[in-house]
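Reading through the structure tokens given below for one structure.
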Amino acid sequence: MKISKFIPIILISVILILPSCFGDSDVFDYTAWLNRNLEYINNLEKETEGGIPVYDKITPDWDSSIYVLVKWHNDRAETTNLVTPLSTSTILVKYTLTNVDGDTLDSSDSFQCVPNQLVTGFWAAVTNMHVNDTVTAVMPYYAGYGVSGSTAIPPYSTLIFGIRLDSIVKLVAK
């Protein structure tokens with residue numbers, strides 16, 4: 001067998017493999033993304049209005065390793081007598097999800113869900129809300145999709161939810 005028969009195969013292989021040896025300008029820089037997300041959270045934790053923190057830091061009883069920063073957009077005195085969902089309740093919320101760059105990743109005007117079936121940060125936020133509360137809930141990556149990310153959300157992403165708790169469809173205690 002002559003080696004000349006293999007030259008076209010070798011050339012095609014080199015043409016297909018060679019580009020992978022060079023840097024890809026489309027490679028996502030996860031370290032820079034993580035740092036940008038952590039910096040965003042750190043800045044919000046320091047943000048004050050007249051010396052009063054703008055965001056409340058909520059650490060759920062069921063997982064002390066996470067927290068969510070919550071900014072209330074309504075007078076809580078007006079909703080304090082209204083019901084708060086349990087982890088197993090079926091609730092109806094409106095939400096918008098953005099990232100630290102302000103890109104809208106998802107939204108819904110009528111999302112029915114059970115808090116303990118969602119990312120832990122969302123779960124922690126809504127179970128601290130009363131019906132008709134509106135908040136901005138900021139979740140560090142480990143209270144969201146973590147180091148794995150999801151289809152539209154890169155790993156290490158801080159999640160910024162605008163949430164309105166419209167109603168509790170079914171209050172289920174377990």
Side-chain angles (χ1 to χ4, degrees), residues 28 30-49 52-74 76 79-80 82-174:
F28 194 81
Y30 290 104
T31 302
W33 179 247
L34 169 61
N35 290 335
R36 196 156 81 231
N37 281 266
L38 292 175
E39 182 180 345
Y40 183 88
I41 289 282
N42 288 336
N43 288 338
L44 287 185
E45 287 185 85
K46 297 174 189 171
E47 190 174 320
T48 62
E49 286 179 3
I52 299 170
V54 172
Y55 287 85
D56 293 332
K57 191 173 191 176
I58 295 175
T59 303
D61 294 336
W62 40 265
D63 188 350
S64 62
S65 69
I66 69 155
Y67 69 91
V68 178
L69 298 177
V70 176
K71 179 180 181 180
W72 306 93
H73 297 290
N74 59 286
R76 292 210 72 206
T79 62
T80 194
L82 299 176
V83 182
T84 297
L86 301 171
S87 295
T88 55
S89 300
T90 301
I91 61 174
L92 189 63
V93 298
K94 293 178 183 166
Y95 75 87
T96 301
L97 170 61
T98 58
N99 63 18
V100 297
D101 292 336
D103 302 323
T104 300
L105 305 174
D106 193 16
S107 66
S108 177
D109 285 333
S110 182
F111 179 58
Q112 186 170 307
C113 59
V114 177
N116 69 3
Q117 296 176 0
L118 304 171
V119 295
T120 55
F122 197 97
W123 175 6
V126 297
T127 55
N128 280 278
M129 296 172 67
H130 296 104
V131 172
N132 296 330
D133 277 344
T134 303
V135 303
T136 298
V138 183
M139 301 157 203
Y141 74 91
Y142 47 84
Y145 292 102
V147 299
S148 302
S150 77
T151 305
I153 302 167
Y156 307 110
S157 292
T158 295
L159 304 178
I160 305 161
F161 279 96
I163 306 169
R164 176 180 165 78
L165 178 57
D166 284 335
S167 64
I168 298 174
V169 179
K170 187 167 40 169
L171 192 61
V172 180
K174 284 190 177 182

Does any non-hydrogen side-chain atom of [Y] lie less than 4.5 Å from one of [X]?
X	Y	value
T79	N74	yes
W62	N116	no
Y40	I160	yes

Indicate the atoms forming the closest heavy-atom contact of [X] with [Y], along with that distance.
X	Y	answer
P60	I66	CD-O, 3.7 Å
I168	S89	CG2-CB, 4.1 Å
A152	L105	O-CD2, 4.2 Å

- Task: Kindly determine whether Y156 and L38 satisfy side-chain contact (heavy atoms from CB on, under 4.5 Å), including the steps that lead there.
- Result: CA-CA 9 Å; Y156 307 110; L38 292 175; over 6 Å; no
To the nearest 0.5 Å, tell me how far [X] [atom1] sits from [Y] [atom2].
X	Y	atom1	atom2	result
Y145	M139	OH	CE	9.5 Å
R164	L92	CZ	CG	10.5 Å
S157	D101	OG	CG	9.0 Å

- Query: What orientation do F122 and F161 show, parallel under 30°, tilted 30 to 60°, or perpendicular over 60°?
  - Reply: perpendicular
- Using the side-chain contact (heavy atoms from CB on, under 4.5 Å) rule, take L97 and I153 through it: C-alpha gap first, then chi angles, then the decisive distance, then the call. CA-CA 10 Å; L97 170 61; I153 302 167; 3.8 Å; yes
- Message: Heavy-atom count check: over 12 atoms from other residues, nucleotides or ligands less than 6.0 Å from N43 CG?
- Response: yes
- Query: Can H73 and T136 be said to form a side chain to side chain donor-acceptor pair (under 3.5 Å), step by step?
  - Reply: CA-CA 8 Å; H73 297 290; T136 298; 2.6 Å; yes
